[in-house]
Amino acid sequence: MTQTSDRLYMQQAINLAKLGRFTTSPNPNVGCVLVKHDQVIGSGYHQRAGEGHAEVNALREAGDKAVGATAYVTLEPCSHFGLTPPCANGLIDAGIKRVVIAMVDPNPQVSGRGIAKLKQAGIEVSAGLLENQARALNPGFIKRMTTKMPMVTAKLGVTLDGCTALNDGTSQWITGPDARVDVQYFRAQHCAILTGSTTVVSDNPSLNLRWDELGGVRDVITQSQLRQPIRVVIDSGNNVLPSHKMVGIQTPIILVRRVQDNHDWPAHVEQLIIEGCGQFDLTQVLQLLANRGINSLWVEAGAGLCGALLSAKLLDKIVLYQAPKLIGDLGKGSFHLPGVKAMDQLVDLTIDDLRMVGRDIRIVATPNYPTL
């Protein structure tokens, strides 16, 4: 194989991996392409946790033709038994002669073991081809594996003068219908949605994925494949009640609380008790969520929780939809940042993307936290 053809086939594997971005949580998105005599003989991607990995699906398609083939995989083949057998073993047993890997497994407990197993079996292995593209497939998984914390993205809908609501808290709807469809697209790619009890009480949201509003997502998955994110509510005051709209939807909810209440909660609602008093240690909360396999959190909350996450340097991304409207100086702000009292304390951002979504402007930004 030439370097050009290697890049071509790895790009195909990366494109396949993207097809799983709405369904694989908490597993990573992985694609695999099998090539023999410069012909693709099998391809596959990981579709859902607990089901066959990308390599398994590609090998199934290739059958006996896999003997002597080259495998292009976006993530190092696993070497351990989990819900499925090790993919490294499958490649060895199928008679693959060469494996090209985009990136090594970020889990420090298993990193490199799949590569070692393949090499011990006499298979030629190379790693690092299109690594940056492969890493972009799984930022949340990579962060959880390397830091034991989820990737956290805050979404805000604001007016042109930066307000999220009227002075009385009314906020529906600042942004237009196109932006709301776009939000569904982002929700679908995250493991969980985080909010605060103030938002639940004031807006009474569902915080679920709505099939009719998923737009282009419906071109990639069927309604039966739709995976609802876990809904997480910071609720130190036990303000969320069984009567709230989100509780009536039969998908998992985690209420993060100081004490358990005695309401008759349905089975899909869990009260996660963190003993103590006052405000929660948000780092501890996120660590507990990561321990449950949550790779990525999509935050839809008010200025208090968003500001607390930003102040604690826990926000990785901000997605801000800015509507061509004005509220004025009595409107609610987007981030409560009482620690900012001088110009040199302003939170610096890098704009990653800026585009129109209907009538609204969508800005994706990364906070630049100062390093010590």
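FYI, the numbering just counts along the sequence from 1. These values consider heavy atoms only, across backbone and side chains, with no hydrogens, waters or symmetry-generated copies.
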Side-chain donor-acceptor contact under 3.5 Å, [X] with [Y]:
X	Y	value
Asn29	His46	no
Glu213	Trp211	no
Tyr321	Asp178	no
Tyr45	Asn57	no
Asp105	Ser111	no
Arg231	Thr251	yes
Gln287	Asn291	no

Taking C-beta and beyond as the side chain, do [X] and [Y] meet within less than 4.5 Å on heavy atoms?
X	Y	result
Phe335	Leu156	yes
Val33	Leu16	yes
Ser296	His190	yes
Leu34	Ile96	yes
Val200	Asn239	no

Take atom [atom1] of [X] as the centre, draw a 6.0 Å sphere, and report whether it contains more than 12 heavy atoms from other residues, nucleotides or ligands.
X	atom1	answer
Asp353	CG	yes
Lys65	NZ	no
Glu275	CD	no
His336	NE2	no

Could you walk me through whether Lys317 and Thr366 pass the side chain to side chain donor-acceptor pair (under 3.5 Å) check? CA-CA 5 Å; Lys317 294 286 182 182; Thr366 301; 2.6 Å; yes

If the threshold is 4.0 Å, N to carboxylate O, is there a salt bridge linking [X] and [Y]?
X	Y	value
Glu76	Lys117	no
Asp182	Arg180	no
Glu124	Lys119	no
Asp6	Arg98	yes

Joint cluster assignment, Leu209 & Leu19, ILVMFWY side-chain distance < 4.5 Å: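 Yes, same cluster.
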
